[in-house]
Amino acid sequence: MSSRLQEFCGYYSNRLSYEEVASLVERVSGERLLSDQKIGQIVSNKALEFSQEIYESTRITLAKSNQDVVKVNPTVNIYQPESKEILLFEDGIQVKGQKEQRQARNQLVREGESLSELVTKTPAIITDIVLLQKATGEFEYIAAPIDAKGKDLLTLASVVKAKVIQEYGRKTFPLNLVAITDGARTIRHRLLSIFGVAVTVVLDWYHLSKKLRELMSMIAVNKLEKVQHLKFLLSHLRQGKTTVALEYLKHQINAKNLDKWGELIGYLEKHQLEIINYECRRRAGKTIGSGRMEKAVDLTVGQRQKNKGMSWRPNGSRALSLLKVAELNGQWQQLWFPALAA
């Protein structure tokens with residue numbers, strides 16, 4: 001099998017289903033050269049090869065460097081137009097995992113039980129992606145390398161740390177790093193493990209406003225009150241006035257669903273330190289949302305893997321994501337044709 005045919009299959013596998021890629025190969029070549037299973041194996045093998053490259057690069061970088069070589073400012077003036085920042089985005093997307101139905105059925109037959117006695121929960125497969133701003137101003141996509149079963153060879157934190165060292169390790173001054181995230185606790189813990197200090201974190205406006213709209217739809221008594229509440233809350237949260245928003249929630253809203261009302265109050269209290277004056281930062285020409293990250297996750301996972309009826313195994317889902325990361329980072333030719341790229 002030629003390298004060009006394998007690359008062709010790898011490229012279109014992130015755009016079409018494996019069956020569609022097999023049909024495309026047949027249409028172009030005039031022969032049924034490959035099955036969908038074989039194309040899936042091509043993707044998996046190349047992703048494992050790419051994973052080894054990430055693993056070796058990360059291991060060598062971390063072994064050679066002082067673990068504290070990169071320092072970050074614990075506080076950054078996020079409203080100052082002249083202040084240069086290094087942006088870091090992080091998000092994860094989950095796709096539906098495949099059920100081990102045959103294994104469960106066989107197990108029940110052996111044990112003399114009925115299928116109705118076993119309730120299987122479909123596992124979710126989560127892919128975490130980091131987007132790091134480089135010294136050139138461009139962004140690099142970062143994902144953890146995987147083994148043949150789709151499990152991490154290294155933690156995502158280790159890979160991100162190595163990338164930061166490679167990009168900024170020669171800087172003698174602390175970095176003005178600003179992480180714009182959806183507020184997940186795991187992200188904050190990961191950043192702390194990478195840099196050793198609490199990094200400036202901003203709850204991005206997209207997730208904040210989305211959460212508010214979703215919960216208010218279940219809290220407000222009717223549509224008119226929902227519009228009124230959202231107008232007040234979004235206006236004040238946009239200016240970073242979380243205390244005012246919380247007071248309004250607690251004393252001015254007659255909640256239809258008390259559980260969701262309490263959830264929204266807890267959400268704002270939990271992220272109070274990460275909710276900023278978005279309007280002031282926007283006027284300074286600074287990023288307030290994760291549109292770039294949402295697009296990144298959609299490109300690496302969403303467009304291909306979240307179609308209706310699809311389910312995945314960990315190695316299949318994450319292999320496709322890794323190949324897309326290589327493509328978006330401009331590493332595609334190097335990955336498939338290293339001699340030509342050299």
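What you see below is based on every heavy atom in this structure, not just the backbone, and it leaves out hydrogens, waters and symmetry mates. Counting from 1, the numbers follow the sequence of the chain as shown.
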- request: Start with the C-alpha gap between N45 and Q41, add the side-chain angles, then the distance that decides, and say whether side-chain hydrogen bond (donor to acceptor under 3.5 Å, both in side chains) holds.
  value: CA-CA 6 Å; N45 290 343; Q41 191 60 50; 2.9 Å; yes
- request: Sorted by first residue and then second, give each salt bridge (charged side-chain N to carboxylate O under 4.0 Å, His left out) pair with at least one member in residues 1-17; sequence neighbours left out.
  value: R15-E327
message: Apply side-chain contact (heavy atoms from CB on, under 4.5 Å) to residues K38 and M1 and explain how you reach the verdict.
response: CA-CA 11 Å; K38 183 61 178 177; M1 191 190 309; 3.5 Å; yes
message: With heavy-atom distances below 4.5 Å as the criterion, would you say the side chains of L5 and L34 are in contact?
response: yes
message: With a 4.5 Å cut-off on side-chain heavy atoms, are D152 and P145 touching?
response: no
message: For R281 and I276: C-alpha separation, side-chain torsions, deciding distance, then whether side-chain contact (heavy atoms from CB on, under 4.5 Å) applies.
response: CA-CA 8 Å; R281 182 169 167 84; I276 64 166; 3.5 Å; yes
- prompt: Hey, is CD on E214 packed in by over 12 heavy atoms from elsewhere, all under 6.0 Å?
  reply: yes
Under 3.5 Å: donor-acceptor pair, side chain of T58, backbone of I54: yes
- prompt: For S235 and K241, what are the C-alpha separation, side-chain angles and deciding distance, and is it a side-chain contact (heavy atoms from CB on, under 4.5 Å)?
  reply: CA-CA 9 Å; S235 173; K241 298 178 180 178; over 6 Å; no
message: Ignoring hydrogens and geometry beyond distance, is a side-chain donor-acceptor pair present between Q272 and T242 at under 3.5 Å?
response: no
query: Taking only residues two or more places apart in sequence, or in another chain, which ones meet H236 in a side-chain hydrogen bond (donor to acceptor under 3.5 Å, both in side chains)?
result: none
Enumerate, atom names and distances included, each donor-acceptor pair closer than 3.5 Å involving a side-chain atom of residues 222-230, sequence neighbours excluded.
residue: N222; atom: OD1; partner: L224; partner atom: N; Å: 3.2
residue: N222; atom: OD1; partner: E225; partner atom: N; Å: 2.8
residue: K226; atom: NZ; partner: S217; partner atom: OG; Å: 3.0
residue: H229; atom: ND1; partner: Y248; partner atom: OH; Å: 2.8

- request: Working to the nearest 0.5 Å, report the span between CG of L234 and CE of M216.
  value: 9.0 Å
- prompt: Does the S209 side chain pair with the main chain of Y206, one donor and one acceptor, at a distance under 3.5 Å?
  reply: yes
query: Any idea which heavy atoms bring V159 and A143 closest together, and the distance?
result: CG1-O, 4.1 Å
With sequence neighbours excluded, residues passing ring pair (Phe, Tyr, Trp, His ring centres under 6.0 Å) with W336: W332
field: Residue pairs fulfilling salt bridge (charged side-chain N to carboxylate O under 4.0 Å, His left out) with at least one residue in residues 21-36, sequence neighbours excluded
entry: E26-R32
Student check: side-chain heavy atoms of L132 and Y141 closer than 4.5 Å: no
statement: Rounded to the nearest 0.5 Å, the OG1 atom of T200 sits from the CG atom of L88 at a distance of 12.0 Å
query: Mind checking what makes side-chain hydrogen bond (donor to acceptor under 3.5 Å, both in side chains) contact with Q6, not counting sequence neighbours?
result: none
field: N176: partners by side-chain hydrogen bond (donor to acceptor under 3.5 Å, both in side chains), with sequence neighbours left out
entry: N73
- line: Hits for side-chain hydrogen bond (donor to acceptor under 3.5 Å, both in side chains) against T155, two or more places apart or cross-chain, chain-then-number order -> S158
Close side-chain approach of L175 and F195, heavy atoms under 4.5 Å: no
task: Consider only side-chain N and O atoms of S17 and E20, and report whether a donor and an acceptor are under 3.5 Å apart.
output: yes
message: Tell me whether V43 shares a hydrophobic cluster with F337, the cluster being built from Ile, Leu, Val, Met, Phe, Trp, Tyr side chains joined at under 4.5 Å.
response: yes
Spatial distance of atom CG (L177) from atom CD (Q133) [nearest 0.5 Å]: 9.5 Å
message: Nearest 0.5 Å, please: how far is CG in N315 from CG in L322?
response: 11.5 Å
message: Counting only heavy atoms not in K256 (residues, nucleotides, ligands), do more than 12 fall under 6.0 Å from its NZ?
response: yes
- prompt: Pairs in or reaching into residues 272-327: which pass ring pair (Phe, Tyr, Trp, His ring centres under 6.0 Å), with residues at least two apart or in two chains?
  reply: W205-Y278
- prompt: Under 3.5 Å, is there a donor-acceptor pair between the side chain of S83 and the main chain of Y79?
  reply: no
message: Suppose the criterion is salt bridge (charged side-chain N to carboxylate O under 4.0 Å, His left out): which pairs have a residue in residues 269-279, not counting sequence neighbours?
response: R188-E274, R238-E279, K250-E269, E279-R282, E279-R283
message: Test your reading of the model: is there a side-chain donor-acceptor pair from N329 to the backbone of Q331, 3.5 Å cut-off?
response: no
- prompt: Can you check whether T127's main-chain N or O pairs, donor with acceptor, with R318's side chain at less than 3.5 Å?
  reply: no
task: Output the distance between atom NZ (K96) and atom OG (S317), rounded to the nearest 0.5 Å.
output: 14.0 Å
field: Greater than 12 external heavy atoms within 6.0 Å of Y55's OH
entry: no
message: According to salt bridge (charged side-chain N to carboxylate O under 4.0 Å, His left out), does anything in residues 128-148 pair up with another residue at least two apart or in another chain? List the pairs.
response: D128-R190, E140-K163
- line: Residue set satisfying ring pair (Phe, Tyr, Trp, His ring centres under 6.0 Å) with F8, at least two apart, ordered chain then number -> Y12
message: Is it the case that the side chain of S51 and the backbone of I146 share a donor-acceptor pair, with hydrogens and angles ignored and the cut-off at 3.5 Å?
response: yes
field: Nearest-0.5 Å distance, OG of residue S13 to CD1 of residue I42
entry: 7.5 Å
- prompt: Distance-only, no hydrogens or angles: does the D204 side chain make a donor-acceptor pair with backbone N or O of I180 under 3.5 Å?
  reply: no
field: Close side-chain approach of T181 and D91, heavy atoms under 4.5 Å
entry: no
field: Identified side-chain contact (heavy atoms from CB on, under 4.5 Å) counterpart of V178 within the set V76, I86, V201
entry: V76
message: Under a plain distance cut-off of 3.5 Å, with no hydrogens placed, do T287 and E85 share a side-chain donor-acceptor pair?
response: no
